[in-house]
2 protein chains.
Amino acid sequence: MQVSARGECAVRIALTLATDHPRTISAGALASAQGLPGKFAEVILGDLRRAHLVASARGVEGGYRLARGPERISVGEVLRAVDGPLSEVRGRRPEETSYEGAAVNLPRLWVAARAAVRSVLDEVSLEQAATGEFPVRVAELTAQEGAWFPRLGCAAGTRDLKSTYPIE
Amino acid sequence: MQVSARGECAVRIALTLATDHPRTISAGALASAQGLPGKFAEVILGDLRRAHLVASARGVEGGYRLARGPERISVGEVLRAVDGPLSEVRGRRPEETSYEGAAVNLPRLWVAARAAVRSVLDEVSLEQAATGEFPVRVAELTAQEGAWFPRLGCAAGTRDLKSTYPIE
DNA sequence: CTTGAATCCTACTTGATCGATAGGATATGC
DNA sequence: GCATATCCTATCGATCAAGTAGGATTCAAG
């Protein structure tokens, strides 16, 4: 699950809109509230508008507000609006993959992984994310022991080791 | 959860090695077994070797085999070896993020999403992925109604709509 | 009816990354 | 020493991400 800078900014902006809902707020005010470049925020708000997640008004006193109540928009929707599908395998949807031989069962695994991601991002509303009152299933995930630590064994930095590991 | 071409090929190769474990197989044979470019497979096998997931032998009768039994290597490990961390937010680990204002609770959400991905990819071994006998929790995810369908509402293709949606 | 504040649109730049490919150096068994 | 492998370095084109720039358009207030 890779979240781009655009995705991260989109969620931060959406959360800011959620806490002040249904007030109309300008792109500049949203950007400075979260410490983002103003023009970048403008581009992202354009994506959110085209996805029908925010509504906009031009001119003085103009700005943006959520198109629905913050309890009726999920974080997953916001991410999809700016980054496209939550899960892709080689640029294709999980269910569109197909393999032969030893990998015939892989599509089921890709679909399961996507379902797992959805079970978090599509089940948490902007309101819940703003208040921190997550659904029980989600809260349980963050309470696990190892959830807050990177999983080692082959961390990214070790990939350029010069050592080799021949058989026996 | 984005799986690159490298990640997909790495898993397919690992599954091929898993089904013939512990036989030693050449890069060329692995590539043709899964219909992959031979040189590409070589690069990927180099990554898997440096991550200690496969062992190699040079010369005639040389090739690759899994460094551990296929029941003791997870799909997640294979993906990390070639693509780096399973989950990142703007290039950082979920637990390394930090926000102010309306987004203070976001790190918990990122961590939960990562935990969800791990609960699938780190819980399925190469052996399970090869046989299709997934753990119960994972199998339940693939059995859900909507798991095999894309989630609409803001599909990728609709992002370039020219229409605007002003307030009121 | 002008002015200023805001959205909105198009284009651009810069750098990184991805998906390969090429050629050759090195090791191994027969 | 020869065939077959791994292994290393370098390269390539295409794509994309992140952010910038400038201006056209819209609207309310004075």
Side-chain angles (χ1 to χ4, degrees), chain A residues 2-10 12-13 17 23-32 35-50 54-65 79 82-84 88-92 156 159-168, chain B residues 2-10 12-13 17 23-32 35-50 54-65 82-85 88-92 156 159-168:
Chain A
Q2 305 282 99
V3 178
S4 68
R6 297 165 56 85
E8 190 204 46
C9 293
R12 292 165 70 184
I13 288 171
L17 285 172
R23 241 187 64 211
T24 294
I25 310 178
S26 74
L30 289 166
S32 64
L36 307 174
K39 275 294 190 181
F40 198 35
E42 266 188 44
V43 174
I44 289 165
L45 282 160
D47 285 341
L48 295 180
R49 175 177 51 80
R50 281 182 286 273
V54 306
S56 64
R58 293 178 141 197
V60 184
E61 304 278 305
Y64 300 87
R65 62 174 168 79
L79 289 174
V82 297
D83 277 350
E88 284 184 328
V89 178
R90 202 182 205 169
R92 293 190 194 81
R159 273 188 293 163
D160 50 349
L161 279 177
K162 291 304 176 198
S163 51
T164 66
Y165 293 86
I167 294 177
E168 253 52 325
Chain B
Q2 306 282 99
V3 178
S4 68
R6 297 165 56 85
E8 189 203 47
C9 293
R12 292 165 71 184
I13 288 171
L17 285 172
R23 239 184 68 208
T24 293
I25 311 176
S26 74
L30 289 166
S32 64
L36 309 174
K39 275 293 189 181
F40 197 36
E42 265 188 45
V43 174
I44 289 165
L45 282 160
D47 285 342
L48 296 179
R49 175 177 52 79
R50 282 183 284 274
V54 307
S56 65
R58 293 177 139 195
V60 186
E61 304 278 306
Y64 300 86
R65 64 174 168 78
V82 297
D83 277 350
E88 283 183 329
V89 178
R90 202 182 206 171
R92 292 190 194 83
R159 273 189 294 163
D160 50 349
L161 279 176
K162 291 303 175 199
S163 51
T164 66
Y165 292 87
I167 294 178
E168 252 57 320

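Here is how names work: the chains are called A, B, and so on, in the same order as the sequence lines, proteins then strands, and each is numbered from 1. Treat the numbers as computed from the prediction; the structure is a model and nothing was measured.
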Undergrad: If you find the nucleotide of DNA chain D closest to B:Ala27 and the one closest to A:Ala5, which residue's nucleotide is nearer the 5' end?
TA: B:Ala27
Undergrad: How many angstroms lie between atom CG of B:Leu45 and atom OG of B:Ser26, to the nearest 0.5 angstrom?
TA: 9.5 Å
Undergrad: How many angstroms lie between atom CZ of B:Arg65 and atom CD1 of B:Ile25, to the nearest 0.5 angstrom?
TA: 11.5 Å
Undergrad: Whole angstrom is fine here: how far is it from CD1 in A:Ile44 over to P in D:dA17?
TA: 12 Å
Undergrad: What is the distance, rounded to the nearest whole Å, between atom CG of A:Asp47 and atom C1' of C:dC9?
TA: 13 Å
Undergrad: In whole angstroms, how far is the P atom of C:dA20 from the CD1 atom of B:Ile13?
TA: 12 Å
Undergrad: Along nucleotides 21-30 of chain D, 5' to 3', which nucleotides get a B, which get an S, and which get a -, given that the test is a protein heavy-atom distance under 4.0 Å?
TA: -BB-BBB---
Undergrad: In whole angstrom, give the distance that lies between atom CZ of B:Arg90 and atom P of D:dA18.
TA: 8 Å
Undergrad: Figure out the CZ/P separation between A:Arg6 and D:dG19, and round it to whole Å.
TA: 10 Å
Undergrad: Between D:dA17 atom P and A:Asp83 atom CG, what is the distance in whole Å?
TA: 8 Å
Undergrad: Can you measure B:Gln2 atom CD to D:dT15 atom P for me and round it to whole angstrom units?
TA: 18 Å
Undergrad: Please report the shortest heavy-atom distance between B:Ala27 and B:Ala41, naming the atom on each side.
TA: O-CB, 4.3 Å
Undergrad: Measuring from the side chain of A:Ser4 (C-beta onward, heavy atoms only), which nucleotide among C:dA20, D:dC7, D:dA18 has the closest atom?
TA: D:dA18
Undergrad: Let me know the distance between CZ of B:Phe40 and P of D:dT6, rounded to the nearest Å.
TA: 16 Å
Undergrad: What is the distance from atom SG of A:Cys9 to atom CG of A:Leu30, rounded to the nearest 0.5 Å?
TA: 12.0 Å
Undergrad: By nearest atom, which of the nucleotides D:dC7, C:dG19, D:dT20 is closest to the A:Pro37 side chain?
TA: D:dT20
Undergrad: How many angstroms lie between atom CD of B:Glu88 and atom CD of A:Glu8, to the nearest 0.5 angstrom?
TA: 12.0 Å
Undergrad: With a 4.5 Å cut-off on side-chain heavy atoms, are A:Ile13 and A:Leu36 touching?
TA: yes
Undergrad: How about A:Arg6 and A:Asp83: do any of their side-chain heavy atoms sit closer than 4.5 Å?
TA: yes
Undergrad: If the cut-off is 4.0 Å, is A:Arg49 near the phosphate of C:dT7, judged by side-chain N/O to OP1 or OP2?
TA: no
Undergrad: Closer than 4.0 Å, any side-chain N/O of A:Ser56 to the OP1 or OP2 of C:dC8?
TA: yes
